[in-house]
Peer 1: 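This is the structure I want to talk about, given as structure tokens.
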Amino acid sequence: MNLVLLGAPGAGKGTVAQELVAEFGVAHISTGDLLRAAVKGGTELGIQAKKYMDAGELVPDQLVIDLVKERLAADDAQQGFILDGFPRNMVQAKKLWDALQQAGMKLDYVVEILLPREVAKNRIMGRRLCKNDNNHPNNIFIDAIKPNGDACRVCGGELTARADDQDEAAINKRHDIYYDDKTGTLAAAHYFKALAEKGETKYIVLNGQGTIDSIKETLIKELGLN
């Protein structure tokens, strides 16, 4: 199963991705994690990315897609992958599709999680990160993944809040990028929908306002894997 998972910041992509990884054992690929690992590891791509990140600039699309292509070539990704929150714009969507075609890899599904913008913003502000694993879901505003006080609900690790998760202006900027249907993430979504209409992939839309279990159950049913 090769899958792209789209949704506005706060829609629950990471949580859904973790549920699918636990269920099916596919590779979970987050570009944020890839960038941090490349920078920390001092790889050639990481060194290039660090220059942009240190300058407060966006990492160029081609550099991000090169990181993704490198990750997709790993052995575990050959058994299936979930691209979490990537692509973020139309350019990345086209480059990803071209890269998959060149590698002879199918894109089985594109899943878009829908959530009202205000609800998504509140979820972001309630998100807490575990020092042991950023992918452990913890959110003070969601009962199903509410942390144990100040400790991670999964492993008991120390929790912190990202500064930009508490900045409403920064959240609105991230949402503006997502909802841009000309060049942003929604433009990428429309691109994949057009491919789905041609039978090149399958496009699934999920309501992100249910419980984690109900969303997972609905998605598995839509994927035809139950």
Side-chain angles (χ1 to χ4, degrees), residues 3-20 28-36 53 56-59 64 82-90 92-93 110-131 133-154 157-190 192-193 203-216 218-219:
L3 184 150
V4 161
L5 191 56
L6 301 177
K13 298 183 298 298
T15 301
V16 171
Q18 285 296 106
E19 290 289 325
L20 292 178
H28 180 200
I29 301 174
S30 160
T31 52
D33 291 344
L34 288 181
L35 283 166
R36 285 186 287 271
M53 295 164 71
E57 300 175 3
L58 291 175
V59 178
V64 176
I82 296 173
L83 275 168
D84 176 1
F86 180 87
R88 294 180 183 271
N89 58 47
M90 176 65 95
Q92 292 180 358
V110 177
V111 177
E112 180 185 4
I113 303 175
L114 298 182
L115 193 70
R117 187 164 176 163
E118 191 65 22
V119 176
K121 182 176 74 172
N122 290 338
R123 282 189 180 179
I124 291 172
M125 298 187 80
R127 186 162 56 196
R128 298 295 181 265
L129 300 179
C130 173
K131 72 172 184 179
D133 188 338
N134 285 344
N135 290 314
H136 286 168
N138 291 275
N139 195 299
I140 63 174
F141 294 140
I142 302 176
D143 288 341
I145 55 172
K146 189 172 288 186
N148 298 320
D150 295 327
C152 173
R153 55 180 286 276
V154 178
E158 180 184 346
L159 297 176
T160 59
R162 274 173 40 178
D164 58 343
D165 280 354
Q166 306 306 306
D167 184 338
E168 289 196 46
I171 293 171
N172 286 334
K173 186 174 181 180
R174 286 152 67 188
H175 276 159
D176 286 344
I177 293 172
Y178 182 82
Y179 289 107
D180 179 352
D181 61 1
K182 303 300 181 187
T183 60
T185 311
L186 275 191
H190 295 330
F192 287 124
K193 284 180 181 177
Y203 200 95
I204 298 171
V205 177
L206 282 181
N207 181 349
Q209 294 197 78
T211 65
I212 294 170
D213 286 342
S214 68
I215 292 171
K216 175 185 173 183
T218 299
L219 179 53

Peer 1: Pick one: which of Leu159, Asn134, Asn138 meets side chain to side chain contact (heavy atoms under 4.5 Å, CB included) with Leu129?
Peer 2: Asn134
Peer 1: Holding to salt bridge (Lys or Arg N to Asp or Glu O under 4.0 Å), I want the full list of residues that pass it with Arg88, two or more places apart in sequence or in another chain.
Peer 2: none
Peer 1: Looking at every heavy atom in both Val110 and Leu6, which two are closest together, and how far apart are they?
Peer 2: CG1-CD1, 3.9 Å
Peer 1: Taking the side chain from Asn172 and the backbone from Glu168, do they hold a donor-acceptor pair closer than 3.5 Å?
Peer 2: yes
Peer 1: Looking at residues at least two apart in the chain, or sitting in another chain, which of them share a side-chain contact (heavy atoms from CB on, under 4.5 Å) with Ala170?
Peer 2: Asp164, Asp167
Peer 1: Let me see the working for Val16 and Lys13 under side chain to side chain contact (heavy atoms under 4.5 Å, CB included), right down to the final yes or no.
Peer 2: CA-CA 5 Å; Val16 171; Lys13 298 183 298 298; 6.0 Å; no
Peer 1: Test Asn207 against Thr218 for side chain to side chain contact (heavy atoms under 4.5 Å, CB included), laying out the working first.
Peer 2: CA-CA 9 Å; Asn207 181 349; Thr218 299; over 6 Å; no
Peer 1: Would you list the atom pairs, donor with acceptor, under 3.5 Å between side chains in residues 140-154 and any protein atom, with sequence neighbours excluded?
Peer 2:
{"from": "Asp143", "atom 1": "OD1", "to": "Lys146", "atom 2": "NZ", "distance (Å)": "3.2"}
{"from": "Arg153", "atom 1": "NH1", "to": "Pro137", "atom 2": "O", "distance (Å)": "3.4"}

Peer 1: Can you confirm whether Phe86 sits close enough to Leu34 that some side-chain heavy atom of one is under 4.5 Å from a side-chain heavy atom of the other?
Peer 2: no
Peer 1: Can you measure from CD1 (Ile215) to CD (Gln209) and round to the nearest 0.5 angstrom?
Peer 2: 9.0 Å
Peer 1: Mind listing the closest non-hydrogen atom pair of Pro87 and Ala188 along with its distance?
Peer 2: CG-CB, 4.3 Å
Peer 1: Going by an N to O cut-off under 4.0 Å, is there a salt bridge joining Arg36 and Asp33?
Peer 2: yes
Peer 1: For Ala120 and Pro9, which heavy atoms make the closest approach, and how far apart are they?
Peer 2: CB-O, 3.4 Å
Peer 1: Less than 4.5 Å apart, side chain to side chain, heavy atoms only: is that true for Met90 and His190?
Peer 2: no
Peer 1: Taking the side chain as every heavy atom from C-beta outward, state whether Gln92 and Asn89 have any atom pair closer than 4.5 Å.
Peer 2: yes
Peer 1: Taking side-chain contact (heavy atoms from CB on, under 4.5 Å) as the definition, give me every residue that meets it alongside Ala8, ordered by chain and number, with sequence neighbours left out.
Peer 2: His175, Tyr178, Tyr179
Peer 1: With sequence neighbours left out, write down each residue that passes salt bridge (Lys or Arg N to Asp or Glu O under 4.0 Å) with Asp133, or none if nothing qualifies.
Peer 2: none
Peer 1: Counting only heavy atoms not in Lys131 (residues, nucleotides, ligands), do more than 12 fall under 6.0 Å from its NZ?
Peer 2: no
Peer 1: I'd like to know if the side chain of Asn139 reaches the main chain of Arg123, judged simply by a donor and an acceptor atom lying under 3.5 Å from each other, with no hydrogens or angles considered.
Peer 2: yes
Peer 1: Residues two or more places apart in sequence or in another chain: which of them pass side-chain contact (heavy atoms from CB on, under 4.5 Å) with Ala17?
Peer 2: Leu5, His28, Ile82, Asp84
Peer 1: When rounded to the nearest 0.5 angstrom, what is the spacing between NZ in Lys121 and CD1 in Ile171?
Peer 2: 7.0 Å
Peer 1: Could you check Leu206, Thr185, Ile204, Val205 and say which one makes a side chain to side chain contact (heavy atoms under 4.5 Å, CB included) with Glu112?
Peer 2: Val205
